Amino acid sequence: EAQVTQNPRYLITVTGKKLTVTCSQNMNHEYMSWYRQDPGLGLRQIYYSMNVEVTDKGDVPEGYKVSRKEKRNFPLILESPSPNQTSLYFCASSSTNNYGYTFGSGTRLTVV
Amino acid sequence: AQSVAQPEDQVNVAEGNPLTVKCTYSVSGNPYLFWYVQYPNRGLQFLLKYITGDNLVKGSYGFEAEFNKSQTSFHLKKPSALVSDSALYFCAVYRDYGGSQGNLIFGKGTKLSVKP
């Protein structure tokens, strides 16, 4: 089944403790992206990647890092999480010439 | 700058009645427009898109959307609402950076509630 898989689904952590949210897609998509969803703000893009080793900032990149060493994986790294990063995070992928995204099921992160 | 606006935070409809979820856009050039749906505790699912061609676009689950260039709108519609249509709906526009690069910009979402 074609899908985008995120892990974990739920995560509670403490301020300052580094964490990684994994994202993997099995569709051989070139494009991958991370969004955060907050009430009243919709989805805002954090980072995106056009292909392996090609990443760029989205609209809200502060406090996040990403890497794209393999085509299928696009992990989101929070080096020093803070409470304002408490949010619902989504990974998405698409082929370059298809503007529709496939989304993962989401990761609900709470930073205390 | 490209953007989309969803003017209603919530839309309430009785089952069997037609529904409309509104979206307006602001883009330079030709717009690429999308609708996604999010059910509770789920990721976003693609409903339909307008790239070019007919102004009336048909999508999944009986939904359709009408592209109106003069009103810069892309409203989502369904002739007869179901309780199972209750969800959060997002309109999105593709922001083109050039050179095959770009990303989707989402509206803030509209919660659709369909009552029996």
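Chain naming here is simple, since letters A, B, ... match the order of the sequence lines and numbering starts at 1 in each. Because the structure is a prediction, the values reported are computed rather than measured. Keep in mind that the numbers below use all heavy atoms, side chains included, and drop hydrogens, waters and symmetry copies.
A donor-acceptor contact shorter than 3.5 Å links the side chain of Trp34(A) to the backbone of Phe74(A). Between the side chain of Gln6(B) and the backbone N or O of Cys91(B) there is at least one donor-acceptor pair closer than 3.5 Å. Formation of a donor-acceptor pair under 3.5 Å by the Ser49(A) side chain with backbone atoms of Val54(A) is found in this model. A distance-only check finds a donor-acceptor pair linking the side chain of Gln25(A) to the backbone of Lys71(A) [under 3.5 Å]. Not a single donor-acceptor pair under 3.5 Å links the side chain of Thr55(A) to the backbone N or O of Ser67(A).
Contact of the Phe34(B) side chain with the Val93(B) side chain is not registered, since no non-hydrogen atoms from C-beta on lie closer than 4.5 Å.
Listed by sequence position, Leu88(B) are the residues of residues 58-88 of chain B in contact with chain A, using a 4.5 angstrom heavy-atom cutoff. Among the residues in residues 105-116 of chain B, those with a non-hydrogen atom closer than 4.5 angstrom to a non-hydrogen atom of chain A are Phe106(B), Gly107(B), Lys108(B).
In this structure, the portion of Tyr10(A) lying under 4.5 Å from any heavy atom of chain B is its side chain and not its backbone. Using a 4.5 Å cut-off between heavy atoms, Arg108(A) does not touch chain B at all. For Gln6(A), no part lies under 4.5 angstrom from a heavy atom of chain B.
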Exercise. Ring pair (Phe, Tyr, Trp, His ring centres under 6.0 Å) between Tyr101(A) and Tyr31(A): does it pass, once the steps are laid out?
Worked result: CA-CA 9 Å; Tyr101(A) 290 6; Tyr31(A) 181 92; 5.4 Å; yes
For this session: I would like to know whether Glu15(B) and Asn17(B) meet side chain to side chain donor-acceptor pair (under 3.5 Å); could you show each step before the answer?
Result: CA-CA 6 Å; Glu15(B) 188 174 32; Asn17(B) 283 0; over 6 Å; no
Problem set entry | Derivation and outcome, side chain to side chain donor-acceptor pair (under 3.5 Å), residues Tyr64(A) and Tyr89(A) | CA-CA 12 Å; Tyr64(A) 304 95; Tyr89(A) 291 86; 2.6 Å; yes
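No more than 12 heavy atoms of other residues, nucleotides or ligands sit less than 6.0 Å from atom CG of Asp54(B).
Chosen from Gly106(A), Gly40(A), Cys91(A), the residue pairing most often with chain B at heavy-atom distances under 4.5 Å is Gly40(A).
The distance from the CE atom of Met50(A) to the CZ atom of Arg68(A) is 9.5 Å, given to the nearest 0.5 Å.
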